[in-house]
Enquirer: 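Here it is: the structure, laid out below.
Counting begins at 1 with the first residue of the sequence. Order of listing sets the numbers, starting from 1, for every ligand and every atom in it.
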Amino acid sequence: MDFNNVPAVVTGGASGLGEGTVRALAAKGCKVAILDLNEERGRQIAEEINGLYLHCDIASADSVEAAFAAAREAHGACGIAVNCAGIAPAKKILDRDGQPMPLDAFSQVINVNLIGSFNVLRVAAADMACREANADGERGIIIMTASIAAYEGQIGQSAYTASKGGVVAMTLQSARELARQGIRVNTIAPGIFMTPMMAGMPQEVQDSLAATLPFPQRLGQPQEFGLMVKQMVENPVLNGEVVRLDCALRMAPK
Ligand SMILES: NC(=O)c1ccc[n+]([C@@H]2O[C@H](COP(=O)([O-])OP(=O)(O)OC[C@H]3O[C@@H](n4cnc5c(N)ncnc54)[C@H](O)[C@@H]3O)[C@@H](O)[C@H]2O)c1
């Protein structure tokens with residue numbers, strides 16, 4: 001799929017991997033809308049790339065529908081949708097006193113990471129289905145963000161792992177279902193990337209995380225996530241696939 005002047009929507013675009021994606025797509029000539037809860041940073045980045053910021057909670061049906069409608073009004077129906085918004089709070093199934101994790105803590109993560117991903121996928125698909133197909137019959141591409149925790153969930157990651165496992169499972173299913181409309185669906189499963197979440201950790205924690213990476217022994221950069229997004233957009237036969245982007249890391253139990 002081409003990039004030039006194609007309307008793109010990036011959730012979580014105000015930070016980290018989403019910001020890397022926004023900058024990569026804008027540099028290729030896409031008209032980018034950033035959907036995020038972080039208004040200040042979202043507006044700042046939108047201004048820099050001559051794009052659009054829209055306040056949006058991906059876990060809310062109304063909010064995502066309204067944001068896509070506003071993006072369509074400004075840029076036209078979306079051809080590229082990348083869902084990067086997500087949260088990663090950690091909590092053990094049993095706490096130190098043997099008390100079970102509050103169910104709400106689990107539901108909150110599922111709500112944002114899994115239900116939110118589906119929410120963006122369904123609204124993006126409806127938008128893309130209205131677009132004119134290219135010579136290949138393609139109308140759009142949806143890219144979701146999972147995590148290698150979908151495969152090697154660590155201690156304290158029950159909710160996060162379940163949410164990302166759901167995103168992985170949805171990938172092939174939705175690619176099959178949306179094939180009729182000429183919409184591809186792929187997912188990126190990142191390992192460890194240097195984003196504001198990681199940058200906030202002490203240097204020795206960052207170094208010890210990097211030491212677990214086979215090669216290269218450093219955290220991934222948001223622009224390297226953006227590179228994979230561009231490849232997924234560009235390569236018309238890449239569909240229904242989850243790509244690990246992880247320096248060959250296989251995470252230990254903790
Ligand atoms: N950084 C990593 O090492 C890493 C590894 C594996 C997976 N991931 C996944 O990549 C995605 C991006 O992670 P990141 O490190 O860039 O995080 P980040 O915290 O830097 O950025 C996440 C962005 O999502 C936004 N957001 C959160 N909840 C939202 C909601 N309900 N609606 C709209 N926006 C919301 C935040 O405001 C923020 O701008 C997440 O899904 C995360 O689980 C990250």
Enquirer: When you measure from atom 16 (O) of ligand 1 to every protein heavy atom, which one gives the shortest distance, and what is it?
Expert: Leu17 N, 2.8 Å
Enquirer: If we only count N/O pairs under 3.5 Å, is Ala59 in contact with ligand 1?
Expert: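 Such a contact does not occur with ligand 1.
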Enquirer: Taking Arg250 first and then Asp246, would you say they form a salt bridge - that is, a charged N and a carboxylate O separated by under 4.0 Å?
Expert: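 Answer for the salt bridge query: yes.
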Enquirer: Indicate, as side chain, backbone, both or neither, the part of Ala149 found under 4.0 angstrom from ligand 1 when only non-hydrogen atoms are considered.
Expert: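 Neither part.
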Enquirer: At what distance is the nearest protein heavy atom to atom 32 (N) of ligand 1, and which residue and atom is it?
Expert: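 Nearest neighbour among protein heavy atoms for atom 32 (N) of ligand 1, to 0.1 Å: Ile58 N, 2.9 Å.
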Enquirer: Could you find the nearest protein heavy atom to atom 8 (N) of ligand 1 and give me its residue, atom name and distance?
Expert: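 Looking at atom 8 (N) of ligand 1, the protein heavy atom closest to it is Tyr160 OH, 3.6 Å.
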Enquirer: Enumerate the atoms of ligand 1 whose separation from the nearest heavy atom of Pro196 is less than 4.0 angstrom.
Expert: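 In order of numbering, the contacting atoms are 20 (O).
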Enquirer: Using side-chain heavy atoms (C-beta onward) and a distance below 4.5 Å, is Met232 in contact with Asn235?
Expert: no
Enquirer: Does the pair Glu241/Arg184 count as a salt bridge with the N-to-O cut at 4.0 Å?
Expert: no
Enquirer: Report yes if Ile192 has an N/O atom closer than 3.5 Å to an N/O atom of ligand 1; otherwise report no.
Expert: no
Enquirer: What protein heavy atom sits nearest atom 4 (C) of ligand 1, and how far away is it?
Expert: Gly191 O, 4.1 Å
Enquirer: Considering the heavy atoms of Thr145, write down every atom of ligand 1 situated less than 4.0 Å from one of them.
Expert: 9 (C), 10 (O), 11 (C)
Enquirer: With the threshold set at under 4.0 angstrom, would you say Gly116 reaches ligand 1 through any of its heavy atoms?
Expert: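 Gly116: no contact with ligand 1 (<4.0 Å).
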Enquirer: Under 4.0 Å between a Lys/Arg side-chain N and an Asp/Glu carboxylate O for Arg43 and Glu39?
Expert: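 Yes.
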Enquirer: Look at atom 40 (C) of ligand 1 and say which protein heavy atom is nearest, naming residue and atom and giving the distance to 0.1 Å.
Expert: Cys84 O, 3.4 Å
Enquirer: Is there a polar contact, in the sense of an N or O pair closer than 3.5 Å, between Phe193 and ligand 1?
Expert: yes
Enquirer: Hey, does Val22 have a side-chain heavy atom less than 4.5 Å from the side chain of Ile45?
Expert: yes
Enquirer: Examine ligand 1 and decide if any of its atoms is less than 4.0 Å from a heavy atom belonging to Lys164.
Expert: yes
Enquirer: Below the 3.5 angstrom mark, is there an N/O of Ser147, backbone or side chain, next to an N/O of ligand 1?
Expert: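 In fact, backbone or side chain, Ser147 has no N or O that close.
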Enquirer: Please confirm whether Ala88 approaches ligand 1 to less than 4.0 Å, judged on its heavy atoms.
Expert: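 No, Ala88 has no heavy atom closer than 4.0 Å to ligand 1.
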Enquirer: Mind checking the CG-CG spacing from Asn134 to Asp2? Nearest 0.5 Å is all I need.
Expert: 7.5 Å
Enquirer: Check this for me: does any side-chain nitrogen of one of Glu152 and Arg244 sit under 4.0 Å from a carboxylate oxygen of the other?
Expert: yes
Enquirer: Check contact between Asp57 and ligand 1, using heavy atoms of the residue and a distance below 4.0 angstrom.
Expert: yes
Enquirer: Looking at side-chain heavy atoms only, is the closest gap between Leu94 and Met101 below 4.5 Å?
Expert: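 Not in contact.
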Enquirer: Heavy atoms only: which of Gly86, Ala14, Ser163 is nearest to atom 27 (C) of ligand 1?
Expert: Gly86
Enquirer: Looking at side-chain heavy atoms only, is the closest gap between Val243 and Thr187 below 4.5 Å?
Expert: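 With C-beta onward as the side chain, the pair stays apart.
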Enquirer: Have a look at Asp246, Thr195, Leu37 and point out the one with the heavy atom closest to atom 15 (O) of ligand 1.
Expert: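 Looking at heavy atoms only, Thr195 sits closest to atom 15 (O) of ligand 1.
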Enquirer: Treating Ile, Leu, Val, Met, Phe, Trp and Tyr as nodes and any side-chain heavy-atom pair under 4.5 angstrom as an edge, say whether Ile87 and Leu35 lie in one connected cluster.
Expert: yes
Enquirer: Return the residue, atom name and 0.1 Å-rounded distance of the protein heavy atom closest to atom 18 (P) of ligand 1.
Expert: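 Residue, atom and distance for the closest contact: Ser15 OG, 3.5 Å.
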Enquirer: For residues Val120 and Phe68, determine if any side-chain heavy atom of one lies less than 4.5 Å from a side-chain heavy atom of the other.
Expert: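 The answer is yes, as the side chains (C-beta and beyond) meet within the 4.5 Å cut-off.
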Enquirer: Please examine the side chains of Gln44 and Tyr53, heavy atoms only from C-beta on, and report whether any two atoms are closer than 4.5 Å.
Expert: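 No. Closest side-chain heavy atoms not under 4.5 Å.
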Enquirer: For ligand 1, is there an atom lying under 4.0 Å from some heavy atom of Ala146?
Expert: yes
Enquirer: Atom 34 (N) of ligand 1: which of Ala199, Ser117, Ala150, Ala85 has the nearest heavy atom?
Expert: Ala85
Enquirer: In the protein, which heavy atom is nearest to atom 33 (C) of ligand 1, and how far is it?
Expert: Cys56 O, 3.1 Å
Enquirer: Compute the minimum heavy-atom distance from Phe225 to ligand 1 and say whether it is under 4.0 Å.
Expert: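 The answer is no, since Phe225 has no heavy atom less than 4.0 Å from ligand 1.
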Enquirer: Decide yes or no for Tyr151 and Met251: does some side-chain heavy atom of the first lie under 4.5 Å from some side-chain heavy atom of the second?
Expert: no
Enquirer: Less than 4.0 Å between a side-chain N and a carboxylate O, is that true for Glu19 and Arg23?
Expert: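 Glu19 and Arg23: salt-bridged.
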Enquirer: For atom 37 (O) of ligand 1, what's the nearest protein heavy-atom neighbour? Residue, atom name and distance, please.
Expert: Asp36 OD1, 2.6 Å
Enquirer: Under 4.0 Å from a heavy atom of Gly16: give me the atoms of ligand 1 that qualify, with their elements.
Expert: 16 (O), 20 (O)
Enquirer: Is a salt bridge present between Arg139 and Glu132, judged by a nitrogen-to-oxygen distance below 4.0 Å?
Expert: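 Glu132 and Arg139: not salt-bridged.
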